[in-house]
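This chain uses plain numbering: 1 for the first residue, then up along the sequence.
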Amino acid sequence: MKTAIIFKTKHGTTEKVAYILAKKLTESGEEVRVIDLAKTRQPHLNGYEKIIIGGSIHVGKIQKEIRTFSDKHKASLKAKTLGLYICCMETDEKKRQKEFEDAFPADLKKHASAKGIMGGEFLLEKMNFIERLVVRKVAHTRESVYDIDMDAVEAFLKQISPPAR
């Protein structure tokens with residue numbers, strides 16, 4: 001099965017998750033292409049049976065490019081096996097779910113066979129001064145934090161590629 005993992009990242013965490021997913025799907029025999037919307041603004045979806053879309057949450061919102069891509073290609077995405085994921089550092093479960101709900105169009109979320117909230121990272125060394133200031137104040141940390149949720153990644157993979165029967 002041919003799979004496209006399409007993502008947009010700000011500091012690299014969503015890209016890390018995209019490549020973790022790609023590696024595991026490739027190991028299970030799938031042909032996978034990872035597409036960064038920052039480098040390929042208009043990826044072609046023809047030829048892919050499965051599409052995974054991922055983005056990161058900043059100040060409660062997903063990147064505009066993910067929202068625009070999802071809206072523009074909604075009809076094509078609904079004709080394929082679809083997975084949606086976000087990376088975020090919110091710890092409150094209700095707020096995390098709200099961030100996911102707000103990230104993607106309702107009809108795509110309904111169609112998706114896999115949905116994931118993959119945790120996140122605060123990579124202070126990749127942030128600008130204002131971002132570091134906000135993270136230090138809000139998250140009460142002076143060091144980078146690495147918290148990708150590998151259990152969520154595994155659960156997502158089981159949803160998107162259930163074992164053959």
Side-chain angles (χ1 to χ4, degrees), residues 1-58 61-74 76-91 93 96-123 126 144-165:
M1 179 172 280
K2 289 180 78 173
T3 301
I5 301 175
I6 300 167
F7 73 92
K8 178 74 168 85
T9 193
K10 184 162 184 174
H11 298 116
T13 303
T14 307
E15 180 176 22
K16 279 183 197 172
V17 171
Y19 279 100
I20 290 168
L21 292 170
K23 182 177 187 281
K24 296 203 179 256
L25 289 169
T26 301
E27 288 170 354
S28 69
E30 293 191 31
E31 183 181 332
V32 180
R33 179 170 175 222
V34 179
I35 302 167
D36 182 349
L37 283 179
K39 297 175 183 166
T40 306
R41 297 205 186 279
Q42 298 296 326
H44 297 285
L45 303 181
N46 297 339
Y48 297 104
E49 294 91 3
K50 187 184 296 181
I51 306 287
I52 298 171
I53 302 172
S56 53
I57 303 296
H58 296 275
K61 299 202 181 299
I62 201 160
Q63 294 97 335
K64 184 179 110 185
E65 294 88 346
I66 292 292
R67 181 63 108 166
T68 301
F69 177 84
S70 298
D71 286 335
K72 182 177 181 182
H73 298 284
K74 199 180 289 189
S76 295
L77 294 169
K78 287 167 63 175
K80 300 179 184 293
T81 301
L82 180 65
L84 305 170
Y85 76 90
I86 63 169
C87 292
C88 69
M89 287 297 287
E90 180 58 61
T91 55
E93 189 57 36
R96 288 165 46 100
Q97 283 300 322
K98 171 109 173 74
E99 288 178 343
F100 182 86
E101 291 301 317
D102 293 346
F104 300 101
D107 48 349
L108 288 185
K109 288 185 303 228
K110 184 176 180 181
H111 174 73
S113 57
K115 300 171 195 151
I117 301 172
M118 310 301 201
E121 299 175 317
F122 287 134
L123 302 173
K126 292 187 176 184
S144 290
V145 177
Y146 307 93
D147 194 22
I148 294 174
D149 184 347
M150 291 307 294
D151 291 337
V153 171
E154 291 297 329
F156 183 89
L157 287 163
K158 285 180 182 158
Q159 292 170 6
I160 198 80
S161 295
R165 297 176 191 215

**Report entry** Side-chain heavy atoms of P43 within contact of F69, under 4.5 Å
**Finding:** yes
Query raised in the report: Could you give the distance from NZ (K16) to CG (L21), rounded to the nearest 0.5 Å?
Result: 14.0 Å
Query raised in the report: If we only count heavy atoms from C-beta on, is the E90 to K98 side-chain gap below 4.5 Å?
Result: no
Query raised in the report: Do you know the tightest heavy-atom contact between K80 and Y48?
Result: NZ-O, 2.8 Å
Query raised in the report: Is there side-chain contact between I117 and D149, with heavy atoms separated by less than 4.5 Å?
Result: no
**Report entry** Y85 (side chain) donor-acceptor with T14 (main chain) under 3.5 angstrom
**Finding:** yes
Report summary line: One should read off an interatomic distance between I57 CD1 and I86 CD1, to the nearest 0.5 angstrom, of 4.5 Å
Query raised in the report: Is there a donor-acceptor pair closer than 3.5 Å between any side-chain N or O of K78 and the backbone N or O of H111?
Result: no
**Report entry** Gap separating the CG atom of D151 from the CE atom of M118, nearest 0.5 angstrom
**Finding:** 11.5 Å
Query raised in the report: Got K50 and V32 here, is their nearest side-chain heavy-atom distance under 4.5 Å?
Result: no
Report task. Under the side-chain contact (heavy atoms from CB on, under 4.5 Å) rule, what do L45 and I6 come out as? Steps first, then yes or no, please. Result -> CA-CA 10 Å; L45 303 181; I6 300 167; 3.7 Å; yes
Query raised in the report: Does L108 reach the side chain of K74, with side-chain heavy atoms less than 4.5 Å apart?
Result: yes
Requested in this report: Show the numbers, then the answer: is there a side-chain contact (heavy atoms from CB on, under 4.5 Å) between E49 and E30?
Outcome: CA-CA 11 Å; E49 294 91 3; E30 293 191 31; over 6 Å; no
Query raised in the report: Are F7 and I52 side-chain neighbours, meaning at least one heavy-atom pair lies under 4.5 Å?
Result: no
Requested in this report: Answer yes or no: is there an ion pair linking E99 with R96, defined by an N-O contact shorter than 4.0 Å?
Outcome: no
**Report entry** Residues I160, T3; criterion side-chain contact (heavy atoms from CB on, under 4.5 Å); working and verdict
**Finding:** CA-CA 11 Å; I160 198 80; T3 301; over 6 Å; no
Query raised in the report: Charged N to carboxylate O under 4.0 angstrom, K23 versus E27?
Result: yes
Query raised in the report: Do side-chain atoms of Q159 reach the backbone of K115 as a donor and acceptor pair under 3.5 angstrom?
Result: yes
**Report entry** Nearest-0.5 Å distance that lies between atom NE2 in H58 and atom SG in C87
**Finding:** 9.0 Å
Query raised in the report: Hey, mind stepping through K24 and S161 against side chain to side chain donor-acceptor pair (under 3.5 Å) and telling me if it holds?
Result: CA-CA 11 Å; K24 296 203 179 256; S161 295; over 6 Å; no
Query raised in the report: From K110 NZ over to L82 CG, what is the distance, rounded to the nearest 0.5 angstrom?
Result: 14.0 Å
Query - V17 side chain reached by T9 side chain, heavy atoms, under 4.5 Å - result: no
Query raised in the report: For E101, does the CD atom sit with more than 12 other heavy atoms under 6.0 Å from it, leaving out its own atoms?
Result: yes
Report task. Heavy atoms only: give me the nearest A22-I5 pair and the separation to one decimal. Result -> N-CD1, 3.6 Å
Query raised in the report: How far does CD1 of I62 sit from OG of S70, to the nearest 0.5 angstrom?
Result: 7.0 Å
Query raised in the report: After noting the C-alpha distance and the side-chain angles of F104 and I66, does the key distance pass the side-chain contact (heavy atoms from CB on, under 4.5 Å) rule?
Result: CA-CA 8 Å; F104 300 101; I66 292 292; 3.8 Å; yes
Query - Note, S56 side chain near Q63 side chain (heavy atom, < 4.5 Å) - result: yes
